[in-house]
Amino acid sequence: MSEAVVVERHGVFAEARGGRPRPVLSRRNIMIYGTLAVLAIYYLLPIYVMVVTSLKGMPEVRLGNIFAPPLEITFEPWVKAWSSVCTGLNCEGLSRGFLNSIKITVPSVIFSIAVASVNGYALAMWRFKGANIFFTILIIGAFIPYQVMIYPMVILLREIGLYGDLAGLVLVHTIFGMPILTLLFRNYFSSVPEELFKAARVDGAGFWRIYFKIMVPMALPIFVVAVILQSTAIWNDFLFGVIFTRPESYPMTVQLNNIVNSVTGVKEYNVNMAATLLSGVVPLAIYFFSGKLFVRGIAAGAVKG
Amino acid sequence: MQPSVSIKDLKLDFGNVPVLRNLNLDIGKGEFLVLLGSSGCGKSTLLNCIAGLLEPTDGSIYINGQNVTWAEPSQRGIGMVFQSYALYPQMTVEGNLSFGLANARVPKDEIKRRISHAAEILQIEPLLKRKPSALSGGQRQRVAIGRALVRDVDVFLFDEPLSNLDAKLRADLRVEIKRLHQSLQNTMIYVTHDQVEAMTLADRIAIMKGGVVMQLSSPDEIYNRPVNKYVADFIGSPSMNFIKGSLRHDGEARVKLGQLDFSLNDYSFTRSDFEGEVWFGIRPEHVLFADAASNAPVSFEVKAELVEPMGGLTLIWSSLEGTPFRLLVDGQAKVRVGDTIIAGFDPARASIFDMQEELRI
Ligand SMILES: Nc1ncnc2c1ncn2[C@@H]1O[C@H](COP(=O)(O)OP(=O)(O)OP(=O)(O)O)[C@@H](O)[C@H]1O
Ligand SMILES: [Mg+2]
């Protein structure tokens with residue numbers, strides 16, 4: 001008897017074969033899954049409340065039972081939020097802001113990634129004179145709070161005549177995305193074997209040919225990461241949107257703020273919730289559809305030739 | 001004859017660290033030159049300078065009589081093969097081969113012709129449509145060689161092309177490279193730290209150390225008459241035995257190694273007037289054993305301390321005058337640890353270096 005105990009403590013079993021059996025309800029499993037479940041509920045509960053509330057009519061909302069599922073499902077708040085709620089200046093709903101956000105996000109993402117990827121490539125591969133100084137300045141740029149740069153930026157845009165213009169906002173997003181994106185691309189291209197670059201030079205390829213024919217095809221995963229990072233960041237941006245545009249070209253986030261904070265009349269919680277969900281649809285969709293690619297891109301630090 | 005590649009007073013510093021110092025090298029047309037040296041001695045750096053991938057700090061490089069020091073890599077008429085293959089991962093084998101030609105705006109049908117020619121020589125025709133990731137190491141290196149081949153260049157540069165391959169494949173590809181050189185007859189500069197590759201491939205070997213060429217001669221000369229102790233020690237495996245001794249002239253040149261005292265009559269001197277402390281070097285494979293040793297000009301008894309059978313040959317470790325002494329004997333010889341054996345050598349096969357500068361005497 002006592003001998004068996006000793007044997008078990010050493011994990012040695014006469015009949016052991018194949019994988020070791022693990023009890024499903026072990027203390028360890030309960031701890032892990034319990035914690036995960038609590039955290040998941042904690043994060044999902046607000047979303048649940050929002051979805052449920054957005055599907056209720058005002059009378060039902062007034063009952064104050066925020067966790068109760070809707071007795072009578074109505075899409076009225078969603079329709080109103082999209083097309084007829086008042087957003088400060090006009091009462092056209094979020095649809096206009098949605099279009100504005102698209103007009104801001106798409107060119108900003110394209111420009112910032114195009115410039116940053118070339119930047120990162122040049123910094124990692126071409127080691128020109130002053131490359132390190134340039135890179136250091138860029139990195140310092142990444143740590144300076146945006147607020148510090150807003151006022152000079154406004155003046156700069158005013159001087160070049162782009163203040164209040166969508167193009168101006170696109171420029172701002174491109175500039176502010178530069179440090180972190182350049183860092184991302186530079187680190188990726190630094191992991192590309194140097195001999196590959198040398199081989200291409202012996203083969204007579206120049207700066208752009210190496211970039212387009214060799215580096216870009218290799219870097220697709222990192223481009224996906226950059227697109228996701230930038231499009232969600234720009235879509236969710238409020239600060240630059242409210243500062244650098246005029247009311248008629250406010251992005252969705254700014255409109256949402258105006259809807260929720262409007263003080264006229266009763267607070268339509270159901271419409272507010274629907275509007276909030278609507279403005280979060282795009283980033284959510286991007287995560288859903290590219291989650292796998294995103295993870296692959298993050299993990300693609302080292303690419304072998 | 002005008003040399004194919006000529007390097008004049010080449011100097012290269014990385015920051016303050018000198019890597020190449022006043023290097024001069026002339027490589028003849030169609031010559032196979034091997035750059036051999038320990039890790040970090042500047043072989044790749046030199047090759048990159050020749051290719052135009054690194055800018056020298058000083059000095060110039062001539063290819064086919066033209067000063068190409070400021071020319072782009074692609075304008076120098078060189079092809080380069082790298083240790084890590086460096087194939088473009090997103091292109092097929094065909095794309096890899098045609099990339100350089102397309103950059104040089106070679107007409108399409110000419111590209112096709114050259115690719116099929118190169119593919120035939122290197123036996124990679126069935127692989128043309130594959131991506132590099134779907135190739136084995138040996139196949140990848142063949143494609144990398146093909147990439148230099150299609151460009152129809154005068155000078156091939158190889159930077160340790162075989163060191164990522166396993167032993168058998170390395171031997172196979174080594175023979176193929178030699179065959180390729182025989183049929184193409186172009187200049188090849190080949191970096192390696194594998195002695196066997198160097199000895200078998202080279203017309204001439206340049207032994208490098210610390211950014212300078214220590215000796216540039218035929219493999220035979222380097223093996224038999226190394227100019228200094230470093231080269232003597234570096235070339236040959238197992239490496240040369242060195243025993244402290246002294247050299248004097250009384251009527252004839254004589255060497256004294258502890259108890260042993262013998263004449264150097266048949267030794268071919270580089271500096272015949274030297275007298276004093278010396279390193280006496282003899283290769284393990286030149287040490288005679290048993291009957292042959294008894295008849296040798298110099299013979300003595302040593303004790304076998306360690307026996308390493310290697311199949312065809314057996315390496316015996318012993319000591320002579322307090323220094324380790326190795327002999328390479330036939331694998332059939334029955335020697336056990338502790339046996340006293342008779343060993344000997346012919347001083348004509350030795351290499352003697354002075355103690356101060358360790359240069360050949
Ligand atoms: N980019 C660089 N910056 C600074 N030092 C360098 C750089 N590249 C190489 N070196 C140094 O130059 C010396 C020569 O390097 P090199 O690559 O030519 O050696 P090698 O002879 O090819 O060695 P190996 O056999 O290991 O390839 C080394 O001491 C190395 O540390
Ligand atoms: Mg090297």
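Letters A, B, ... mirror the listed sequences (proteins, then strands); counts begin at 1. The shown structure was predicted, so the numbers you read here are calculated from the model rather than taken from an experiment.
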May I ask you to decide if B:F82's main-chain N or O and A:E195's side chain share a donor-acceptor pair within less than 3.5 Å?
->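 Such a contact is absent between A:E195 side chain and B:F82 backbone.
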Can you tell me if [atom1] on [X] sees more than 12 non-hydrogen neighbours from other groups inside 6.0 Å?
X: A:N132; atom1: CG; value: no
X: A:F128; atom1: CZ; value: yes
X: A:F135; atom1: CZ; value: yes
X: B:K8; atom1: NZ; value: yes
X: B:Q66; atom1: CD; value: no
X: A:F289; atom1: CZ; value: no
X: A:I133; atom1: CD1; value: no
X: A:I180; atom1: CD1; value: no

Applying a criterion of heavy atom separation less than 4.5 Å, what residues of [range] form contacts with chain A?
range: residues 145-169 of chain B; result: B:R147, B:R151
range: residues 109-130 of chain B; result: none
range: residues 67-81 of chain B; result: B:E72, B:P73, B:S74, B:I78, B:G79, B:M80

Measuring from atom [atom1] of [X] to atom [atom2] of [Y], what distance do you get when rounded to the nearest 0.5 angstrom?
X: A:K213; Y: B:N103; atom1: NZ; atom2: CG; value: 9.0 Å
X: B:L87; Y: A:L196; atom1: CG; atom2: CG; value: 8.5 Å
X: B:M91; Y: A:M218; atom1: CE; atom2: CE; value: 10.5 Å

Of all the heavy-atom pairs spanning B:L53 and A:V202, show the shortest one and how long it is.
->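 That closest heavy-atom pairing would be CD1-CG2, 4.1 Å.
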What ring-ring contact (aromatic ring centres under 6.0 Å, His included) pairs are there with at least one residue in residues 30-54 of chain B, not counting sequence neighbours?
->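 Found B:F32-B:H181, B:F32-B:Y190.
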